[in-house]
Amino acid sequence: MNDLIDWKQWHDKYDSDDNLKNRLLLVVKAIRSCLPKNDNEVITILDIGAGDGRDIVEALKDYSKPDNIYGVLVEIDEALASRAKQSLQVTNLKNLKVIVDDASLKIGRA
């Protein structure tokens with residue numbers, strides 16, 4: 001199924017497609033609405049199928065306590081995972097890591 005869609009090309013359309021721009025705004029708003037109001041609270045994130053990490057980075061880039069954010073972004077596509085790693089490097093989200101793997105193969109395995 002992964003072969004049917006070029007996900008790198010799909011993510012590139014965020015810059016030009018109004019529907020995707022609006023989608024990103026809604027996702028970012030939803031993520032932000034889940035953030036604790038107490039800045040001292042630690043946040044743990046697990047993003048399965050993270051793509052280029054754009055939604056997490058956009059939602060958290062201005063968060064007042066970036067050192068309190070920990071987590072993992074999992075993406076099967078190496079190019080998209082590389083983009084996510086680059087995005088995290090240029091933000092203060094240093095406690096978020098990107099893993100290149102197929103999360104669906106890990107279900108039921110410890």
Side-chain angles (χ1 to χ4, degrees):
M1 190 166 192
N2 197 25
D3 297 332
L4 300 177
I5 297 174
D6 182 338
W7 291 108
K8 293 173 289 303
Q9 185 179 45
W10 186 86
H11 279 80
D12 288 341
K13 290 181 182 178
Y14 270 108
D15 298 323
S16 60
D17 184 299
D18 287 339
N19 288 328
L20 285 178
K21 288 179 185 180
N22 289 332
R23 177 188 183 278
L24 179 61
L25 291 173
L26 291 172
V27 171
V28 166
K29 182 178 179 180
I31 293 169
R32 287 182 178 159
S33 74
C34 296
L35 297 176
K37 304 304 178 221
N38 177 353
D39 285 344
N40 294 322
E41 192 171 334
V42 173
I43 301 168
T44 303
I45 294 172
L46 175 59
D47 187 353
I48 304 292
D52 62 6
R54 176 184 318 243
D55 48 1
I56 295 294
V57 169
E58 284 297 314
L60 300 175
K61 69 180 180 183
D62 296 324
Y63 191 69
S64 61
K65 296 279 189 164
D67 290 342
N68 290 359
I69 302 172
Y70 293 84
V72 177
L73 284 68
V74 182
E75 175 54 48
I76 192 171
D77 185 279
E78 289 184 29
L80 288 173
S82 178
R83 289 184 193 179
K85 288 177 187 178
Q86 289 172 353
S87 293
L88 291 174
Q89 286 175 351
V90 299
T91 66
N92 285 330
L93 302 170
K94 60 184 176 222
N95 296 325
L96 288 175
K97 307 297 179 220
V98 178
I99 296 175
V100 180
D101 207 342
D102 184 347
S104 71
L105 298 177
K106 307 303 180 197
I107 297 172
R109 299 180 193 171

Asker: Checking the side chain of D6 only, and the main-chain atoms of K8 only, is there a donor and an acceptor separated by less than 3.5 Å?
Answerer: yes

Asker: Hydrophobic cluster mates of L25, side-chain heavy atoms under 4.5 angstrom, ILVMFWY only, any path?
Answerer: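 Members besides L25: none; it forms no cluster.
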
Asker: Would you compute the distance between atom CG of L24 and atom CG of N19 and round it to the nearest 0.5 angstrom?
Answerer: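 Between L24 CG and N19 CG, I get 12.5 Å after rounding to 0.5 Å.
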
Asker: Looking at S82 and E78, would you say the former's side chain and the latter's main chain have a donor-acceptor pair under 3.5 Å?
Answerer: no

Asker: Is there a chain of hydrophobic side chains (I, L, V, M, F, W, Y, each step under 4.5 Å between heavy atoms) that links V27 to L73?
Answerer: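 Same cluster: V27 reaches L73 through Ile, Leu, Val, Met, Phe, Trp or Tyr contacts under 4.5 Å.
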
Asker: Any chance you could measure D12, atom CG, to Q9, atom CD, to the nearest 0.5 Å?
Answerer: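 The CD atom of Q9 is 7.5 Å from CG of D12, to the nearest 0.5 Å.
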
Asker: Atom CD1 in I99, atom NZ in K97: separation rounded to 0.5 Å?
Answerer: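 If we round to the nearest 0.5 Å, I99:CD1 and K97:NZ are 10.5 Å apart.
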
Asker: Can you name the nearest heavy-atom pair linking L35 to A59, along with the distance?
Answerer: CD1-O, 4.4 Å

Asker: Check I48 against A103 and note the closest heavy-atom contact, atom names and distance.
Answerer: CG2-CB, 3.6 Å

Asker: Please report the closest heavy-atom contact between A84 and G53, naming both atoms and the distance.
Answerer: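 It is CB-N, 3.9 Å.
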
Asker: Does the pair D15/R54 count as a salt bridge with the N-to-O cut at 4.0 Å?
Answerer: yes

Asker: Is there a path of hydrophobic side-chain contacts, each under 4.5 Å between heavy atoms, that joins L88 and L60?
Answerer: yes

Asker: Verify the neighbour count for atom CG of N92: are there more than 12 heavy atoms of other residues, nucleotides or ligands below 6.0 Å?
Answerer: no

Asker: Evaluate whether atom NZ of K94 has more than 12 neighbouring non-hydrogen atoms of other residues, nucleotides or ligands under 6.0 angstrom away.
Answerer: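 Not more than 12 within 6.0 Å, no.
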
Asker: Taking all non-hydrogen atoms of both residues, which atom of W7 and which atom of L80 are closest, and how far apart?
Answerer: CB-CD1, 3.7 Å

Asker: May I ask you to test the D55-D47 pair for a side-chain heavy-atom distance under 4.5 Å?
Answerer: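 They are in contact (side-chain heavy atoms under 4.5 Å apart), so the answer is yes.
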
Asker: For N22 and D18, indicate whether the former's side chain and the latter's backbone hold a donor-acceptor pair under 3.5 Å.
Answerer: yes

Asker: For a side chain to side chain contact (heavy atoms under 4.5 Å, CB included) check, start with the C-alpha distance between Y70 and I43, then their side-chain angles and the critical distance, and finish with the verdict.
Answerer: CA-CA 6 Å; Y70 293 84; I43 301 168; over 6 Å; no

Asker: Closest approach of D67 and N95, non-hydrogen atoms and distance?
Answerer: O-ND2, 3.0 Å

Asker: Just do the side chain to side chain contact (heavy atoms under 4.5 Å, CB included) check on L93 and I69 with the steps written out, would you?
Answerer: CA-CA 7 Å; L93 302 170; I69 302 172; 3.8 Å; yes

Asker: What distance do L20 atom CG and W10 atom CH2 have between them, rounded to the nearest 0.5 Å?
Answerer: 5.0 Å

Asker: The criterion is side-chain hydrogen bond (donor to acceptor under 3.5 Å, both in side chains); which residues satisfy it with R32, sequence neighbours excluded?
Answerer: none

Asker: Decide whether L96 and V98 are clustered together by the hydrophobic rule: side chain heavy atoms of Ile, Leu, Val, Met, Phe, Trp, Tyr closer than 4.5 Å, transitively.
Answerer: yes

Asker: Which distance, rounded to the nearest 0.5 Å, do you find between the CG of D52 and the OH of Y14?
Answerer: 7.5 Å

Asker: How many angstroms lie between atom NZ of K65 and atom CD of E41, to the nearest 0.5 angstrom?
Answerer: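 Between K65 NZ and E41 CD, I get 12.5 Å after rounding to 0.5 Å.
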
Asker: Donor-acceptor check, side chain of E75 to backbone of G51, threshold 3.5 angstrom: yes or no?
Answerer: yes

Asker: Test side chain to side chain contact (heavy atoms under 4.5 Å, CB included) on I45 and I31 and set out the steps.
Answerer: CA-CA 10 Å; I45 294 172; I31 293 169; 6.0 Å; no

